[in-house]
Amino acid sequence: DAGVIQSPRHEVTEMGQEVTLRCKPISGHNSLFWYRQTMMRGLELLIYFNNNVPIDDSGMPEDRFSAKMPNASFSTLKIQPSEPRDSAVYFCASSLKDSNSPLHFGNGTRLTVT
Amino acid sequence: AQSVTQLGSHVSVSEGALVLLRCNYSSSVPPYLFWYVQYPNQGLQLLLKYTSAATLVKGINGFEAEFKKSETSFHLTKPSAHMSDAAEYFCAVSDRGSGNTPLVFGKGTRLSVIA
């Protein structure tokens, strides 16, 4: 089992540019979560999907953020246009659709917007 | 809605000393509870989880946690700290029978181990 795979590991971009973060969940998992981690706000849930369908995107900070899950093995989080305050570590996690199933996290994408 | 409170954003212990990281939960029904660990530049990893079997749950790396309903607590302990335990620890809660609403995480406790 390769675990949750995120790419890229690091992304440095200039303000105003589009950023796309990618995630491949664990095969067989039917729930996928995007989190953002910063020193100030800790771990924040941005959006989650069940069976590829977005369930709750109330954590997405602004319309500049969007997420898709076109199939069970791939998801993207896009920021357009990016701003310096978006600098953070973005984590993708997947799990089985069960309230006692633990989350499996990827190693994150460290985003720096200058 | 459920929530967790982790007491102490930073805990420092000497190598070989007892580790105690505190977590209190708020939930209308007995929840599922989890502890995760995050090492530098990595994602969160599951340490252990409580799902209503034994109230004392053993996890990886010698950690364990005890569910105490009367105290609404799920504190994490390890008898003897090792340098490799230095990391950030997160407590999380999930409602039973909620389908798959996301885990609610605490703000984390950073554990430092002093040689």
Side-chain angles (χ1 to χ4, degrees), chain A residues 1-10 21 23-26 29-60 88-110, chain B residues 1-6 8-10 23 25 27-54 57 59-60 63 65 67 74 87-110:
Chain A
D1 184 350
V4 175
I5 299 173
Q6 290 187 247
S7 64
R9 284 300 310 273
H10 302 275
L21 312 181
C23 175
K24 177 179 169 56
I26 291 173
H29 283 186
N30 45 18
S31 292
L32 184 140
F33 306 79
W34 282 100
Y35 286 87
R36 177 171 70 175
Q37 187 176 39
T38 61
M39 291 290 290
M40 292 298 294
R41 288 195 292 268
L43 201 60
E44 304 173 276
L45 176 67
L46 300 177
I47 185 172
Y48 76 99
F49 298 81
N50 283 345
N51 297 320
N52 313 338
V53 176
I55 303 301
D56 185 355
D57 65 355
S58 60
M60 298 284 260
V89 181
Y90 291 81
F91 288 103
C92 176
S94 70
S95 75
L96 295 170
K97 187 177 176 297
D98 187 306
S99 55
N100 74 351
S101 292
L103 296 181
H104 296 257
F105 282 79
N107 283 327
T109 295
R110 182 175 295 277
Chain B
Q2 70 271 33
S3 65
V4 288
T5 301
Q6 292 185 241
S9 59
H10 186 205
C23 173
Y25 69 89
S27 177
S28 56
V29 296
Y32 296 128
L33 292 158
F34 305 79
W35 275 100
Y36 285 80
V37 60
Q38 184 181 27
Y39 298 104
N41 299 315
Q42 295 186 24
L44 281 69
Q45 303 172 31
L46 181 68
L47 266 181
L48 50 81
K49 69 176 183 179
Y50 166 75
T51 58
S52 85
V57 182
I60 62 172
F63 284 93
F67 173 72
F74 190 57
E88 184 126 20
Y89 292 80
F90 293 89
C91 182
V93 64
S94 173
D95 267 343
R96 293 170 185 276
S98 61
N100 194 18
T101 54
L103 293 184
V104 176
F105 285 90
K107 293 190 180 299
T109 298
R110 181 167 299 278

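Since this is a predicted model, take the numbers as computed values, not measurements. Lettering of chains follows the sequences in order, A, B, ..., and the numbering in each one begins at 1.
When Pro102(A), Cys92(A), Gly108(A), Gly42(A) are compared by the number of non-hydrogen pairs under 4.5 Å with chain B, Pro102(A) comes out ahead.
With rounding to the nearest 0.5 angstrom, the CG atom of Leu103(A) is 5.0 Å from the CZ atom of Phe105(B). We find the CG-OH distance between Leu103(B) and Tyr48(A) to be 11.0 Å, quoted to the nearest 0.5 Å.
Both the backbone and the side chain of Leu44(B) come within contact range of chain A, each with at least one heavy atom under 4.5 Å from a heavy atom of that chain. Contact of Gln6(A) with chain B is not made at all, since no heavy-atom distance falls under 4.5 Å. Contact annotation for Gln38(B): only side-chain heavy atoms (C-beta onward) come within less than 4.5 Å of a heavy atom of chain A.
Across all their heavy atoms, Phe91(A) and Gly43(B) have their closest contact at CE2-CA, 3.4 Å. Across all non-hydrogen atoms, the minimal contact from Arg110(A) to Asn41(B) is NH2-OD1, 3.6 Å.
For residues 34-52 of chain B, no pair satisfies salt bridge (charged side-chain N to carboxylate O under 4.0 Å, His left out), with sequence neighbours left out.
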